[in-house]
Amino acid sequence: MTFAAITGVGAYVPERVVTNDDMATMVETSDEWIRSRTGIRERRIASADEASSDLGARAAQAALEDAGLAPNDIDLLVVGTSSPDMVMPSTACLLQTKVGLTCPAFDVMAACTSFVYALQAAASAIEAGRARRVLVVGADALTRLVDFTDRRTCVLFGDGAGAFVLEASEEAGVLGIDLGADGSRPEVLRIPAGGSAMPASHETVDAGLHFVQMNGQEVFKFAVRAIPATTKRALAASNMTIDDLTWLVPHQANQRILDTVADRLHLAHDRVFSNIESLGNTSAASIPLAVSDLYTSGSLHRGDVLGLVGFGAGLTWGAAIVRWTKEDD
Ligand code: COA
């Protein structure tokens, strides 16, 4: 059987750091409130000339370099994003040209679960023999879609991108994946206007309907149920248990969510990776950015098992169990 294995990892975050004290100059909030409720201390915000495809292109280039591959070597590009550069063409097509790729390219839109969904698409293409080298990118500039006068949402998000190169391998890298969706409650987290249901108009802009709307407490309750459940299903599909995990790498939305999930899964808190303090919620980018942090800090070793777990608007959720097959340096 042909498996998919991670052979390259790349990351990019914009240069501009915006601290909680900076946020407190824009809305009525404080460093103390944001840190105690979310664990976030600062986030990165894309410059005016950086869109999601630009962030993603930088991460993709880094992943190619890490894998020792050239753009021509890639035969499929999958981009997870919910802040596309524009409604069409896809962010994947815009990114393809920026990186010098020539392969088919498409977007996956599953909000903050987009990277796990994209990973499933990429791994399946490899396992089915339809592709041998796939670039998977999670890129989001959600700060472009939040209302910087709404303190309930604007303090949470940051911009960034992360990427994996997946290659066909005899060694199993991507193991079990569990995905799920429940479209019955879109109002919990959404951007109502700007699509075909409510096209952009003066009225929608005046009412701020092109910005993220969120019921924070409902999202919180959903997340702390969904993450453990999807993790357990993906582990079962991999014939593994929670004890086999070296690292749980959840989508970075809120430190309190990560701590609750650790307790519910009976996992030591130091096995649940977190970098939310410095990046905030980077949506589709948060999982590959987290893996990149683990990798570049020397915390990943051949044979380690990672649980990559996402959740977000949709509602959507998903977990991928991955064995780290890269050789240690
Ligand atoms: N600064 C100061 N006060 C704030 C604030 C901010 N940035 N944001 C909200 N508040 C206020 C509210 O207005 C409310 O005041 P009130 O009691 O006078 O009405 C109070 O704080 C409590 O608000 P509440 O929404 O109950 O806070 P919370 O403890 O639920 O925390 C979140 C809010 C958003 C941090 C939390 O619900 C959360 O993280 N949810 C998950 C969100 C998420 O993960 N989204 C992304 C999913 S991919």
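Heavy atoms only: backbone and side chains are in, while hydrogens, waters and symmetry mates are out. For ligands, and for the atoms within them, numbers begin at 1 and follow the listed sequence.
At a 3.5 angstrom cut-off on N or O pairs, His251 does not count as close to ligand 1. No N or O atom of Ser30 sits closer than 3.5 Å to an N or O atom of ligand 1. For the pair Gln217 and ligand 1, the shortest N or O to N or O distance falls below 3.5 Å.
Atoms of ligand 1 lying under 4.0 Å from at least one heavy atom of Ala253, given by number and element, are 44 (O). Residue-ligand proximity, Cys112 to ligand 1, at heavy-atom distances under 4.0 Å covers atoms 48 (S). Each of the following atoms of ligand 1 lies closer than 4.0 Å to a heavy atom of Val155: 7 (N). For ligand 1, the atoms sitting less than 4.0 Å from at least one non-hydrogen atom of Asn281 are 46 (C), 48 (S), numbered in the order shown with element in parentheses. Close contacts between ligand 1 and Asn254 involve ligand atoms 35 (C), 38 (C), 39 (O) [criterion: under 4.0 Å to a heavy atom]. Under a 4.0 Å criterion applied to the non-hydrogen atoms of Glu28, ligand 1 contributes the atoms 1 (N), 2 (C). Applying the 4.0 Å criterion to heavy atoms of Thr38 picks out, from ligand 1, the atoms 35 (C).
In summary, of the residues considered (Leu279, Val9, Val249, Leu294), a side chain to side chain contact (heavy atoms under 4.5 Å, CB included) with Leu289 occurs for Leu279 alone.
The protein reaches atom 35 (C) of ligand 1 closely, with a heavy atom under 4.0 angstrom from it. Closer than 4.0 Å to atom 14 (C) of ligand 1 lies none of the heavy atoms of the protein. Counting only heavy atoms, the protein never gets under 4.0 Å from atom 20 (C) of ligand 1. In this structure, atom 29 (O) of ligand 1 has protein heavy atoms in its sub-4.0 angstrom surroundings.
Not a single heavy atom of Met23 sits under 4.0 Å from any atom of ligand 1.
A donor-acceptor pair shorter than 3.5 Å can be found between the side chains of Gln255 and Ser274. Inspection of the Asp22 and Thr25 side chains reveals no N or O donor paired with an N or O acceptor under 3.5 Å.
Remark: the backbone N or O of Ala125 is not paired with any side-chain donor or acceptor of Arg130 at under 3.5 angstrom. Between the side chain of Arg151 and the backbone N or O of Glu28, at least one donor-acceptor pair lies under 3.5 Å. Although no hydrogens or angles enter the test, the distance criterion places no donor-acceptor pair under 3.5 Å between the side chain of Asn281 and the main chain of Asn254.
Using a 4.5 Å cut-off between side-chain heavy atoms of Ile, Leu, Val, Met, Phe, Trp and Tyr, with links allowed through other members, Val261 and Phe273 fall into different hydrophobic clusters.
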Does the pair Arg133 and Leu69 meet the rule for a side-chain contact (heavy atoms from CB on, under 4.5 Å), with working shown? CA-CA 9 Å; Arg133 289 168 172 157; Leu69 296 178; 3.9 Å; yes

Could you walk me through whether Glu171 and Arg302 pass salt bridge (charged side-chain N to carboxylate O under 4.0 Å, His left out), step by step? CA-CA 12 Å; Glu171 218 178 343; Arg302 188 173 156 74; 2.6 Å; yes

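Side-chain contact between Thr81 and Ser114: absent, with no pair of heavy atoms (C-beta onward) separated by less than 4.5 Å.
Annotation: Arg132, atom CZ; neighbour count of heavy atoms from other residues, nucleotides and ligands within 6.0 Å does not exceed 12. Counting heavy atoms of neighbouring residues, nucleotides and ligands inside a 6.0 Å radius, atom CZ of Arg271 exceeds 12 of them. Atom CD of Glu65 sits in a sparse spot, with 12 or fewer heavy atoms from other residues, nucleotides or ligands closer than 6.0 Å.
Closest to atom 12 (C) of ligand 1, if we only count protein heavy atoms, is Arg151 NH2, 3.8 Å. Of the protein's non-hydrogen atoms, Val219 CG1, 3.5 Å is the one closest to atom 47 (C) of ligand 1. Here the protein heavy atom with the shortest distance to atom 45 (N) of ligand 1 is Met214 SD, 3.2 Å.
Between Ser82, Gly216, Cys154, it is Gly216 that holds the heavy atom closest to atom 41 (C) of ligand 1. Nearest-heavy-atom check against atom 23 (O) of ligand 1 across Gln255, Lys221, Arg37 picks out Arg37. Checking Trp33, Phe222, Phe157, Phe311 against atom 3 (N) of ligand 1, the nearest heavy atom belongs to Trp33.
Looking at Thr29 against ligand 1, both its backbone and its side chain come within 4.0 Å, counting heavy atoms.
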